[in-house]
Structure formats: structure tokens, C-alpha cells
Amino acid sequence: MVFSSILQACVLLGGASSAMGQGFDHSLYTSSPPVYPSPNTTGAGGWQNALSRANAFVSQLTLEEKASMVTGTTGPCVGNIAPIPRVGFNGLCLHDGPLAIREAVYASVFPAGVTTAASWDRGLMHQRGIYMGEEFRGKGAHVALGPVAGPLGRSPYGGRNWEGFSPDPYLTGVAMEETITGMQSTGIQACAKHYIGNEQETQRNPSTTTFGTSTSQNGPVIEAVSANIDDRTMHELYLWPFANAVRAGSAAVMCSYNRINGSYGCENSKALNGLLKDELGFQGYVMSDWLGTHSGVSAVEAGLDMNMPGGINFLSPTPSYWGENITIAVNNGSLAESRIDDMIRRIMTPYFYLGQDQGFPTVDPSGVPLNFFPPSTWVAEFDLNGTSNRDVRANHAGLIRELGAAGTVLLKNVNNALPLRTPKNIAVFGNDAGDLTRGLYLLNLFAGVDSGNEEFGTLPVGGGSGTGRFSYVVPPLEAIKAREGRNGALVQYSIAPSPPDVCLVFLKTWASEGSDRTHLEADWNSTAVVNTVTATCNNTVVITHSGGVNNLPFASNPNVTAILAAHYPGQETGNSIVDVLYGDVNPSGHLPYTIARSAADYNVPITNSSALLNITDPNAWQSDFTERLLIDYRHFDATNASILYEFGFGLSYTTFGLSGLGISNVCGGANGSIPRTPPPGSVLPGGNQVLWDVLYRVTATVQNTGSVAGAAVPQLYLSMPAEAGEGTPVRVLRGFAKVSVQPGQSVQVGFDLMRRDVSYWDARRQEWVIPNSEIGVSVGFSSRDLRLNGGLRA
Ligand SMILES: *[C@@H]1O[C@H](CO)[C@@H](O)[C@H](O)[C@H]1NC(C)=O
Ligand SMILES: *[C@@H]1O[C@H](CO)[C@@H](O)[C@H](O)[C@H]1NC(C)=O
Ligand SMILES: *[C@@H]1O[C@H](CO)[C@@H](O)[C@H](O)[C@H]1NC(C)=O
Ligand SMILES: *[C@@H]1O[C@H](CO)[C@@H](O)[C@H](O)[C@H]1NC(C)=O
Ligand SMILES: *[C@@H]1O[C@H](CO)[C@@H](O)[C@H](O)[C@H]1NC(C)=O
Ligand SMILES: *[C@@H]1O[C@H](CO)[C@@H](O)[C@H](O)[C@H]1NC(C)=O
Ligand SMILES: *[C@@H]1O[C@H](CO)[C@@H](O)[C@H](O)[C@H]1NC(C)=O
Ligand SMILES: *[C@@H]1O[C@H](CO)[C@@H](O)[C@H](O)[C@H]1NC(C)=O
Ligand SMILES: *[C@@H]1O[C@H](CO)[C@@H](O)[C@H](O)[C@H]1NC(C)=O
Ligand SMILES: *[C@@H]1O[C@H](CO)[C@@H](O)[C@H](O)[C@H]1NC(C)=O
Ligand SMILES: *[C@@H]1O[C@H](CO)[C@@H](O)[C@H](O)[C@H]1NC(C)=O
Ligand SMILES: *[C@@H]1O[C@H](CO)[C@@H](O)[C@H](O)[C@H]1NC(C)=O
């Protein structure tokens, strides 16, 4: 990569902590507070009947069967819990991932999480969840390993950011909730992952594991990176969207590879027993990320409920901390059997709640050869007598095409460049325009950095376990040719012979699990490609297919007349972009992150201690989250830095106005009548239920002031007063809506503010607190286009 050495230097130089960051005393983060014992499930939140059935189920099991219920085994899926035919239990099939059922043929590949977030469309988020759930169910998978809220996107370099939604926790929280309720409405279990602080791939695992990113060591085990996070930042940023996931009834949560304050994610009692099960009232089960379990009794007591993939290192059974060791530990008195019973209740309650004991489809045998485990290694009998090669795609391509367009953000549009009207001569450039050249599957997780980043071929989604296996891809060039048909424009791939009316340059940016990005520009000499085209073409439209932040050095080039950030749209990528280019769809996507002027402007690099490894310090990898709350737009706003395209920004082919800010106290109380800390309420999934009470409703009127119909995304931001403390962001997103408006028409939108939305986390009181002074209220079309301003005081 020609740019990486230069930009990496920028990264290191740009790594200074934010100007507003408080001092960060690393010595306070070398251990995680112990929180024991692990809370028992109560079935709170409507799962009581299912819990009774889970109780009855547990009471029938032998200790050996109990151990097998909590430990993965070989089988037909990426994760497997063995059947127990004696009690009529057919086992559990767990499959990747967040945008498709990955190890399957005849399945759809949906737009990635980042694309979904860029749509800012709750309805499409929900529908995507439903359709993905239907596909998992159709293939016989009980558990879908998604959606993703970790990484949140602390660093723009994070290799997996695109699997999740946005570095803004509110937007991600809404997307988690819509996805999970959509998926689970089909009888599938969702698994919110990766919990928590999994903000980088580099050294996500200890150096000796074969399933990480680290080079093997001959010396001591070098432990995984430790995400050192203060309690307020944990609550207001990283835990926030997981609270939405728990509230939405997520059956499972996957703990992460990294350490938090020095303690591994899958044996961190503060994170699992304390935050997740006690504070958020999580009633489902915690499963480990694959090979992320590093202990037996300790992990069990810290709150881990299921070990995946179990005593298996992908191809063959290996010794396990769990399995038979669970039986031994109970028998020798070091582990209470009641804890194992609670683990199984947590696993089986959502199973019964979602009706998975009632005629759930058996596993599609066509997935077996796509999986790690050859049947010769299986120790348990799974039912593979069902129909093979089931086509679960149904009519989902329509939604995929629509969401791909809805998640495309128009960043620049001058000289009426777009929509294309009736061009006679279109020139198409860039290695992202044409068809895939190396097959329809971008897994390559094990092959090292950038190996899936083939030079030629469009990039519809990223790589690793979060990818999908395509049955087809519509490449942009093919879609443009199809749109123009026989009697349309000349579609050429060079400037000569006649000057084109418009030049379309398609760029791509690879991202994958297992490695972090090393630069923020689009790949493959993208800037040189754009500059070469613009030298002779003064109407150049640049389209990026990317998993997130790209800095755009050509943005001010006057010959670049339009820029579209098209993200990772999935299998209909070409059709989605053609719909936007030609104005069949009016773009309505908005950035779910900030595009800075230069890579050096971002404040959070990947923690990289590679150069220190020869020191042989097992704890060399320490990632202090010194920027605290100030990631993405919160960082740029804290320093009032000039940026290129801010969080929430996106153009349309029409224009919108905003008027009539209204703020009402929904509870009807006069100012001052609302208690500042939540009155003790029952802890339901999502935490103290009082936190989810709507206290205020903000309204505004959106007017379409242009000449074509379009969808606007009005956004509500709150500004906490000084009493919220040093390091409080200037403003935070706390509401959004997406509304279609006809030209000349107006539509009123409303934003509900819940108690959590108008509170900050007081670490000393260990409570959400509503400030005494006025909270600033702004409504606009981006985080820096705030047109209506007011205030509310509780
Ligand atoms: C991490 O350490 C900080 C500072 O000691 C503490 O406030 C926080 O609760 C800890 N979090 C976890 C998950 O250990
Ligand atoms: C969980 O329930 C068991 C009985 O099944 C009890 O012995 C144990 O104390 C309970 N644990 C907690 C944390 O309440
Ligand atoms: C039990 O765990 C130990 C490591 O603590 C391992 O050496 C042993 O092989 C395990 N037993 C089984 C049956 O997997
Ligand atoms: C009990 O068994 C577990 C699992 O094999 C083992 O780790 C532990 O050391 C044993 N404890 C005693 C007291 O034998
Ligand atoms: C699958 O079918 C075979 C042959 O009919 C039968 O022997 C086997 O028991 C069946 N397996 C299951 C799990 O039903
Ligand atoms: C980390 O540093 C090593 C060399 O010290 C380099 O090869 C690697 O690309 C860096 N990783 C990232 C994500 O920047
Ligand atoms: C970028 O272009 C230079 C020549 O200008 C070439 O040597 C290099 O390989 C290119 N890099 C990539 C990633 O294509
Ligand atoms: C813009 O295009 C014109 C040709 O129309 C060319 O003369 C000029 O140099 C180009 N400018 C840039 C910055 O590429
Ligand atoms: C853009 O280029 C076209 C054809 O090359 C030329 O006719 C036109 O004048 C140029 N426009 C500008 C503003 O330079
Ligand atoms: C680490 O040590 C090995 C073996 O001595 C050496 O080859 C390598 O260059 C060293 N790496 C660094 C970053 O110093
Ligand atoms: C932020 O920067 C803008 C543009 O440079 C300036 O107009 C504004 O006054 C600044 N605001 C603050 C609070 O410094
Ligand atoms: C509540 O406070 C806001 C500003 O803080 C003020 O505009 C409004 O009039 C107050 N409402 C009542 C009912 O006192």
C-alpha cells in the first residue's frame, strides 16, 4: 500500500489525547472490581412462562448432560450445542453473522451495519432484521451471531467497525433494538456482540492463539490488549447500545476477546455479573467469542454461560476448560451445580420463549461442507435428514436494493451533476466498478492483512466472519449498462474518443475482521486515479464503497462535481447506486460518522505495541481510553475543529427547511417536579425501567423547499450544562426521524426523550442524573447544521 507508511506516521503523530480529556491515571485500570455471585435469571420482562419450562428441562438432566448444554461441540454449524435425544432436545445451531447467514448457499447478503445506520431509517432497520431472521430460520439456525455494537467505532481504523453501526451510541442503540426485535419476531435468537471494549483487532487475542492476529511467540504468552475504560465512558458510550439490546430482549450476548481493565472479556465479573446481569437485568445467556474462554470455574463464576466453540480448535476436539472439567469441578465441590443450572435456564428460556421447541426447521445439510467440522469429527448426532439446498432468499433482494440506496450518502453535488439526466456519453473508471474476479466469498480471515482486497472487482461488503456468501452480485458497471440499455448513452471505459458528459469513478476500501486499517484513504492509489480522471474530465462523480471513514483529498477539486459514500450495500450494490445516480431514488442517507479534513485530525489511533513485543512483558498491550467520551464528532466539537463532512450530514436532490420547535413535558409536571435520579423501579431487561420513561417530547416541522419529493432526516441534539462535569461532550444525538415530504409540503416530526436521554452518568453516585440547569436542545439536519435551538429544565 503506497500510502500506508506516510499515513501511519500521521496516525502516530495524531494520537494525542483530546484537549478536553481529564487526566488518566493508568494505575486505576490494572484490575477489574470483583462482582460475585452471578445473578440468577428471574424471567423478568415476560419470560416467566418460558423460564418454568426451562426449569422443568434442567431438572431432567444428568450432570454430564448439563456440561454438554453449556459447552460447544463439533457439528453442522459454526457453533453447536449437542442434541440430547433422551429429553427430546434437538441441539442448537449457531451461525454467523451480522449481515447474512454466512455459511450457507442460496441465502441473501444484506447491506452491512454501517450502511444500515447511514439510512437513519428505523423501518428499514427493522425489516432487514426480519428478513435476516427468516433466512437463519429457513436454514435451521437457532441463533444468529449478530447484531454488533462492539466495536462501536472508537477509532476510524477499526477493522470491524462496518459490522456494527455507528460510533454514536444513540444511533447504534436504535439500530440494535430494531434489528433484534425484527430478527426475534421470526423465532430466531439474536446475539448482541462483542461485549465489550472490542474496539480494535490488533492483539485482540493473546499471542499464542491460532485464531487471532498476533504472530506466534516463542517467549511468554503476551496477553490480549486491555481496553481500560472509566465508568462514565462505559455507561454513556460503550454500554449504552447494549442496554438497548438487552431491553429489546436479545436472547444472547457474546463476550469479547479483549481484556477490560486487565481482565478478559469472558471472565470479567464486573462486566458480566455487574453491568450486564445486575444493572441491565439481562435474562439471557452470555456466550464466549470463539476461543475467547480462558478459564473454567473462574469464567463460570464471572458470568459466562456458554463456551464456544467448546473444546474444539476448529478442526479437531482439543482439551477444554469446560465440558468434562465442569463435571469434575462440580463433583469436587469447587463449582456449585446451581450455577450450572442457572446457565442452562438462561440458554433454554429464550429457546422456549421463541417457540424453538415447536417445529423448528432442521439444519440444511448443504451448509455442512461449508463449515469447519468434517462429519467424521462429530461426537453428537444432529438431524441432517431435512431438505438440502433450501433457497431462503424469497423477495429479499428488493429490500436489499432499497436499503443499499438509502444508506448511500451524497456528500457533494455541484453544477447539477446529479441526478444524471440524459447523458449521451458516460465514462466509467475505477477498479470497484466491475464484477468480482476472485469468487463470491470474502472470508480470508486467516490469510492475513488485506488478502481479500483483490485489485479488480467491486467490494459489496467487507471480509471475515461478518461477511456473506454471495449467490450473485450486481456490479455497478453492469447496472449502468443495463440502465442505459441498447438506445441509451455510450458507456465507455476511457476518455477518448469524444469527451464524456460525466465520468464515474468507483473506489473501494477493504476492511475485515482480524486486522485494523492502516490508512483512511480509499485503497489502490485512489487519489491518483481521481486526479488522473479529473485532469481531462470536468464532471467527475466519485463513488466510494467502504466500511466507514475515508478521507477525501480530492473533495475540493472543482472537477469533482459529486461524491457519494455508498458504504457496503450487499448483493444489489450496482442497482442501489444506479437508483441514486439517476434520481429514481432521491438520496437520503446521512453520515453515521465524521469525515475529517485529514487522517491526522482523528484523536484515536489503534493501540499498537508491536514494537514492544521483544520486551516480553505479558501486559505490554494497554489501550487507555484517555479520550473518554470524546470520540468522533464529540472530539471535533470539543475542539471546534474544522471538518470536511460532519456526523449526520447528507445532501438530497431537494432542500428542506425546519421550523416551529416545541418542547413539552410529557409527564405534565411543572419544571422541577421530575426527580433528578431515577426513583427505584423494578429492574427489567434494559435496567431500571424508569430510565425508559418518556419525560419530554420535542417537535419540529420539516418543509420540502425544493422541487422534488425526498426524505429528510431531522436530528435532535442535547447539550448538557457544565454541572455534568469536565469532558462532557458539547452535544450528543438524542433523537432522529426520517420523513418523506412532497415538494411544498410540511410534516411535523416528534422526538421522545426518555429519562436516560436527558441524564448523564454520575460515577460517584453510580446513577443516571438529570442536571439542575438547563439542557440545550437543538434540531437540525446534521451535528453542525442546527437550525432550531431551545432548552429544557427538569
Ligand atoms: C475499570 O476501572 C475503572 C477505574 O478503576 C472503574 O471505574 C471501572 O468500573 C472499571 N470497569 C471494569 C469493567 O472493570
Ligand atoms: C441462585 O439460586 C440458587 C438456588 O438455585 C441459590 O443457591 C443461589 O444462592 C442463588 N444465587 C443468587 C446470586 O441469588
Ligand atoms: C481440563 O482442563 C485442563 C486445563 O485446565 C486441561 O489440561 C484438560 O485437558 C481438560 N480436560 C478435558 C477433559 O478437556
Ligand atoms: C476441581 O476440578 C477443577 C476442574 O478440573 C480443577 O480446576 C480444580 O483444581 C479442582 N479442585 C479441586 C479442589 O480438586
Ligand atoms: C436420519 O435418517 C436416518 C435414515 O433414515 C435415520 O437412521 C436417522 O436416525 C435419522 N436421524 C435423525 C436425527 O432423525
Ligand atoms: C502495528 O505496528 C506494526 C509494526 O510495528 C505494523 O506492521 C502494523 O501495520 C501496525 N498495525 C496497525 C493497525 O497500524
Ligand atoms: C500505486 O501506484 C504506484 C505507481 O504509481 C505503484 O507502484 C503502486 O503499486 C500502486 N499501489 C497500489 C496499491 O496499487
Ligand atoms: C479540470 O478539467 C479541465 C478540463 O475541462 C482541465 O483543463 C483542468 O485542468 C481540470 N482541473 C483539475 C484540477 O483537474
Ligand atoms: C467541461 O468540459 C467540457 C468538455 O470537455 C467543456 O465543453 C466545458 O466547457 C467544460 N466546462 C468547464 C466549466 O470547464
Ligand atoms: C524481535 O526479536 C527478533 C528476534 O530476536 C528480531 O528478529 C526482531 O527484529 C525483533 N523485533 C523488534 C521489533 O525489535
Ligand atoms: C467554532 O468555529 C467556527 C468557525 O470557525 C466559529 O464561527 C465559531 O465561533 C467557533 N465556536 C466556538 C465555540 O469557538
Ligand atoms: C420550563 O423551563 C423552560 C426553560 O428552562 C422555560 O422556557 C419554560 O417556560 C418552563 N416551563 C414551566 C412550565 O415553567
Side-chain angles (χ1 to χ4, degrees), residues 22-43 51 54-55 58-59 64 66-68 71-73 150 195-198 226-239 242 255-256 258-280 293-303 305 307 310-313 316-332 334-346 379 622-626 628 683 761-766:
Q22 298 146 280
F24 194 98
D25 181 355
H26 176 79
S27 69
L28 300 176
Y29 297 83
T30 54
S31 67
S32 211
V35 181
Y36 297 99
S38 194
N40 289 321
T41 180
T42 62
L51 175 58
N55 262 325
V58 171
S59 68
E64 287 71 22
K66 289 179 181 179
S68 97
T71 312
T73 185
Y195 183 83
I196 195 168
N198 192 169
S226 178
N228 303 322
I229 310 177
D230 72 86
D231 192 49
R232 180 174 179 194
T233 301
M234 178 63 92
H235 281 83
E236 292 189 26
L237 273 187
Y238 301 102
L239 187 63
F242 282 101
C255 50
S256 57
N258 57 287
R259 295 180 294 161
I260 305 116
N261 291 359
S263 164
Y264 275 98
C266 293
E267 58 186 48
N268 187 311
S269 66
K270 168 71 177 173
L272 303 181
N273 290 339
L275 297 174
L276 185 61
K277 292 182 177 178
D278 266 334
E279 189 179 320
L280 297 184
T293 306
H294 299 292
S295 61
V297 173
S298 313
V300 167
E301 292 187 341
D305 301 303
N307 177 339
I312 296 154
N313 198 348
S316 54
T318 55
S320 173
Y321 291 111
W322 289 39
E324 205 179 305
N325 271 324
I326 293 276
T327 318
I328 296 168
V330 170
N331 283 334
N332 76 11
S334 59
L335 185 58
E337 188 167 357
S338 63
R339 170 70 188 115
I340 308 299
D341 291 347
D342 181 62
M343 291 153 72
I344 299 169
R345 283 188 201 106
R346 286 175 172 275
V379 292
Q622 298 293 327
S623 186
D624 287 345
F625 285 35
T626 54
R628 298 177 191 264
V683 173
W761 179 258
D762 185 327
R764 194 182 45 81
R765 292 155 87 171
Q766 286 291 293

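Counting convention: from 1, in listed order, for ligands and their atoms alike.
Below 3.5 Å of separation, one finds an N or O of L28 facing an N or O of ligand 1.
Ring-plane geometry between Y195 and F242 is classed as perpendicular, the angle between the planes exceeding 60 degrees on a 0 to 90 degree scale with a lower cut at 30. Taking the six-membered ring where tryptophan is involved, the planes of Y238 and F625 are perpendicular, since the angle between them exceeds 60° and thus also 30°.
In summary, the atoms of ligand 1 found under 4.0 Å from a heavy atom of I260, numbered by their order in the structure, are 13 (C). Set against the non-hydrogen atoms of S38, the atoms of ligand 2 under 4.0 Å away are 13 (C). Near N325, meaning under 4.0 Å from any of its heavy atoms, are these atoms of ligand 3: 1 (C), 2 (O), 3 (C), 8 (C), 10 (C), 11 (N), 12 (C). The contact set between ligand 2 and P37, taken as ligand atoms under 4.0 Å from a residue heavy atom, comprises 13 (C). Below 4.0 Å from some heavy atom of S32 lie the following atoms of ligand 1, by number and element: 12 (C), 13 (C), 14 (O). Atoms of ligand 1 found under 4.0 Å from any heavy atom of D231 (numbered from 1 in listed order, with element): 7 (O), 9 (O). Below 4.0 Å from some heavy atom of P33 lie the following atoms of ligand 1, by number and element: 14 (O).
Of the candidates Y264, Y321, W322, Y264 is the only one forming a ring-ring contact (aromatic ring centres under 6.0 Å, His included) with H294.
A donor-acceptor pair is defined here as one N or O able to donate and one able to accept, closer than 3.5 Å; such a pair exists between the side chain of S295 and the backbone of A299. Under the 3.5 Å distance criterion, the side-chain polar atoms of D305 are left unmatched by any main-chain donor or acceptor of D342. At distances below 3.5 Å, at least one donor-acceptor pair connects side-chain atoms of Q766 with backbone N or O atoms of A763.
For the pair H26 and D624, the tightest heavy-atom approach, listed with the atom from each and the gap, is ND1-OD1, 2.9 Å. Here the closest non-hydrogen pair linking L272 and A302 is CB-O, 3.2 Å.
A donor-acceptor contact under 3.5 angstrom links the side chains of S226 and N228, judged on distance only.
Nearest protein neighbour of atom 7 (O) of ligand 3, counting heavy atoms only, is P319 CB, 4.6 Å. Ranking protein heavy atoms by distance to atom 8 (C) of ligand 2, first place goes to N40 ND2, 3.7 Å. Summary of contacts: the protein heavy atom closest to atom 5 (O) of ligand 2 is S338 CB, 3.8 Å. Among all protein heavy atoms, the one lying closest to atom 9 (O) of ligand 1 is K270 CE, 3.7 Å. Atom 11 (N) of ligand 1 has as its closest protein heavy atom N261 ND2, 2.9 Å. Protein heavy atom at the shortest distance from atom 14 (O) of ligand 3 is S320 N, 3.0 Å.
Proximity of N228 to ligand 1, defined as any heavy-atom pair under 4.0 Å, is not found for any part of the residue.
Using a 4.5 Å heavy-atom threshold, the side chains of E324 and T71 count as separate.
Rounded to the nearest 0.5 Å, atoms CZ (R346) and NZ (K277) are 4.0 Å apart.
Remark: atom 2 (O) of ligand 3 lies closer than 4.0 Å to at least one protein heavy atom.
Under a 4.0 angstrom heavy-atom cut-off, G323 registers as lying outside contact with ligand 3.
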